[in-house]
2 protein chains.
Amino acid sequence: MNKTIENPNDPFVPNYLLYLLAAASEAASARFHSHVRTRGLRVPEWRVMACLTDTDGSMVTELARYAMIEQSRLTKIIIQMDARGLVSRRSDPKDGRRVRVFLTPQGRTLADELVADARAHELELLKSFHGGDGTEIKDTLRALIRHLESDQSGQGDNTVSLARNAETADS
Amino acid sequence: MNKTIENPNDPFVPNYLLYLLAAASEAASARFHSHVRTRGLRVPEWRVMACLTDTDGSMVTELARYAMIEQSRLTKIIIQMDARGLVSRRSDPKDGRRVRVFLTPQGRTLADELVADARAHELELLKSFHGGDGTEIKDTLRALIRHLESDQSGQGDNTVSLARNAETADS
DNA sequence: CCAAGAAACATGAATTTTCATATAAATCTT
DNA sequence: AAGATTTATATGAAAATTCATGTTTCTTGG
């Protein structure tokens, strides 16, 4: 009934949406990420593998967006994974600029295994959390992402907060 | 009504809770983080500043937990911030091992400004998102974090998924 | 009080990440 | 069809991060 009241001497950080999102992400991922490392992968590599189970053969730029990894960084990660035999890189015959990334048989085995583990982990987490399947929280997060990625309510002139600066900060 | 049905050829990544959390965190933070860089700080430095507005004078280890930064990394960040005059480090008179970190006057000015910006940005985001104050999503995230940090439903024997490995993966 | 252990930070080397930019291949322009 | 642009990826140097471990300072049991 009075959750919206903001006490001026409440701490800022633990109530800040961006912190809560980051903290929730970290906390939710911690256990699985250490499982991933156990299997000999670093987190970004796991992300690449997971994405490739969905979109095998995508080009570097697509993969970078999908896996939320900056392009030049992804290039380096992929080169390493190629050297380890987890993925292979083939340049697109239709467009010589593009490099398409594929899981190798070995890579696919590991990827499938980890995706199965991820699904199991997710199921347990959701079950132990609210006893549900996560529809609610997932829908909320998807809606938030869509909202942010679309208009982002920030290009236009409806966003004021971040345009101004020190001049008005203490007024 | 049928959100819970999982189509086996649905993509994995975009429906995976850990991905949704990470993506939501990134998407929600992107704009503000670039504002932070505009003001001459990197994201981890902003986190330190924000935490210090809540708990000025906390020791390195506490700050590391609060800001979600690994200790040795935080030490290096703090040393840089000290050199830039944003914070000062004083060893605790009661316990010589401890280093307490304080905002300098200059640091506080910047921190207060950025926290104000963060609050404004958050308000706008929440208003434009669901027209609300974020109580719902925040409560959900807090609950998730609490759940994960407490029992983590994983030390005990109720967690099976990540203990097993390749042996059972394809059975 | 002393030795052993623990706690809090710092440090260094190896590795990653970032950022700007180079290279190369398509596409467009006229 | 040559030159200008744009797109896709790679590269290199500087900076940041990680991980293991070192150093210093407390704490505790005997």
Side-chain angles (χ1 to χ4, degrees), chain A residues 22 25-26 29-30 33-49 51-52 55 57-84 86-102, chain B residues 22 25-26 29-30 33-49 51-52 55 57-84 86-102:
Chain A
S25 178
E26 284 233 353
S29 301
H33 283 177
S34 83
H35 174 62
V36 163
R37 283 183 279 265
T38 277
R39 308 290 284 114
L41 293 180
R42 286 168 301 158
V43 171
E45 293 169 334
W46 149 241
R47 285 191 173 153
V48 169
M49 305 276 276
C51 290
L52 289 178
T55 68
S58 56
M59 47 185 284
V60 172
T61 303
E62 290 167 350
L63 200 51
R65 270 196 296 279
Y66 203 46
M68 305 189 296
I69 298 175
E70 188 269 335
Q71 177 265 317
S72 78
R73 171 146 90 110
L74 179 61
T75 290
K76 288 168 186 172
I77 290 169
I78 284 173
I79 289 171
Q80 293 179 337
M81 294 176 74
D82 189 346
R84 285 180 57 185
L86 295 172
V87 302
S88 71
R89 307 185 300 150
R90 316 212 266 282
S91 81
D92 188 322
K94 306 285 185 192
D95 184 339
R97 295 168 301 179
R98 300 182 175 180
V99 170
R100 301 207 166 268
V101 184
F102 298 85
Chain B
S25 178
E26 285 233 352
S29 301
H33 284 177
S34 84
H35 174 62
V36 163
R37 283 183 278 267
T38 278
R39 307 292 283 114
L41 293 181
R42 288 169 299 156
V43 171
E45 292 169 336
W46 149 241
R47 286 191 172 152
V48 168
M49 305 277 275
C51 290
L52 288 178
T55 67
S58 55
M59 46 185 282
V60 172
T61 305
E62 289 167 352
L63 200 52
R65 270 196 295 280
Y66 203 45
M68 304 189 296
I69 299 174
E70 187 268 336
Q71 177 264 316
S72 77
R73 170 145 91 108
L74 179 59
T75 290
K76 288 168 186 170
I77 290 169
I78 285 173
I79 289 171
Q80 293 178 337
M81 294 176 74
D82 190 347
R84 285 180 57 187
L86 296 171
V87 302
S88 70
R89 307 185 299 152
R90 316 213 265 282
S91 80
D92 188 324
K94 305 287 184 191
D95 184 340
R97 295 168 302 179
R98 300 182 174 180
V99 171
R100 301 207 164 268
V101 185
F102 298 85

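Chain letters run A, B, ... following the sequence lines, proteins first, then strands; residues in each count from 1.
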Applying salt bridge (Lys or Arg N to Asp or Glu O under 4.0 Å), which residue pairs with at least one partner in residues 63-75 of chain A are found, sequence neighbours left out?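 Matches after skipping sequence neighbours: none remain.
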Validation row: [X], [Y] side chains within 4.5 angstrom (heavy atoms):
{"X": "A/Glu45", "Y": "A/Leu86", "value": "no"}
{"X": "A/Val101", "Y": "A/Ser58", "value": "no"}
{"X": "A/Met59", "Y": "A/Asp92", "value": "no"}

Which residues satisfy the salt bridge (charged side-chain N to carboxylate O under 4.0 Å, His left out) test with B/Arg90, sequence neighbours excluded?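 Residues passing salt bridge (charged side-chain N to carboxylate O under 4.0 Å, His left out) with B/Arg90: none at all.
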Under the rule for side-chain hydrogen bond (donor to acceptor under 3.5 Å, both in side chains), what residues qualify as partners of [X], not counting sequence neighbours?
{"X": "A/Ser29", "answer": "none"}
{"X": "A/Glu62", "answer": "none"}
{"X": "B/Thr61", "answer": "none"}
{"X": "B/Gln80", "answer": "B/Arg42"}

Please give me every residue in residues 89-101 of chain B whose heavy atoms get under 4.0 Å of an atom in DNA chain C, ordered by residue number.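 Within residues 89-101 of chain B, the residues near DNA chain C are B/Arg89, B/Arg97, B/Arg98, B/Val99.
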Which residues within residues 67-76 of chain A lie with some heavy atom under 4.0 Å of an atom in DNA chain C?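 Listed by number, they are A/Ser72, A/Arg73, A/Lys76.
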Tell me every residue that passes side-chain contact (heavy atoms from CB on, under 4.5 Å) with A/Ser34, counting only those two or more places apart in sequence or in another chain.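 For A/Ser34, the residues satisfying side-chain contact (heavy atoms from CB on, under 4.5 Å) (neighbours in sequence not counted) are A/Arg37.
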Sequence neighbours excluded, which residues qualify as side-chain contact (heavy atoms from CB on, under 4.5 Å) partners of A/Arg89?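 For A/Arg89 the side-chain contact (heavy atoms from CB on, under 4.5 Å) partners, ignoring immediate neighbours, are A/Ile78, A/Ile79, A/Asp82, A/Val99.
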Just to be sure I understand: a Watson-Crick pair is purine N1 to pyrimidine N3 plus N6-O4 or O6-N4, both under 3.5 Å. Using that and G-U wobbles, which stems of three or more pairs involve DNA chain D?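 So far as stems of 3 or more pairs are concerned, DNA chain D shows C:1-30 with D:1-30.
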In whole Å, I'd like the distance from the [atom1] atom of [X] to the [atom2] atom of [N].
{"X": "A/Ile78", "N": "C/dT17", "atom1": "CD1", "atom2": "P", "value": "13 Å"}
{"X": "B/Ile79", "N": "D/dA15", "atom1": "CD1", "atom2": "P", "value": "17 Å"}
{"X": "B/Ile77", "N": "C/dT11", "atom1": "CD1", "atom2": "C1'", "value": "15 Å"}
{"X": "A/Arg42", "N": "D/dT18", "atom1": "CZ", "atom2": "C1'", "value": "11 Å"}
{"X": "B/Met81", "N": "C/dA10", "atom1": "CE", "atom2": "P", "value": "14 Å"}
{"X": "B/His33", "N": "C/dC19", "atom1": "NE2", "atom2": "P", "value": "13 Å"}

Where each residue is assigned the nucleotide of DNA chain D containing its nearest heavy atom, which of B/Glu45 and A/Arg37 is assigned the position nearer the 5′ end?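 It is B/Glu45, whose closest nucleotide lies nearer the 5' terminus.
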Does A/Gln80 make a side-chain N or O approach to OP1 or OP2 of C/dT15 shorter than 4.0 Å?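 The answer is no; no side-chain N or O of A/Gln80 sits under 4.0 Å from OP1 or OP2.
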Do you know which two heavy atoms are closest between B/Pro44 and B/Ile69, and how far apart they sit?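 Shortest heavy-atom separation between B/Pro44 and B/Ile69 comes out as O-CD1, 3.8 Å.
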Short of 4.0 Å, heavy atom to strand atom, which residues of residues 58-65 of chain B count as contacting DNA chain D?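 Heavy-atom cutoff 4.0 Å gives no residues at all.
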Backbone N or O of B/Gly57 within a donor-acceptor pair of the B/Arg100 side chain at under 3.5 Å?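 Flag set: sc B/Arg100 to bb B/Gly57 pair under 3.5 Å.
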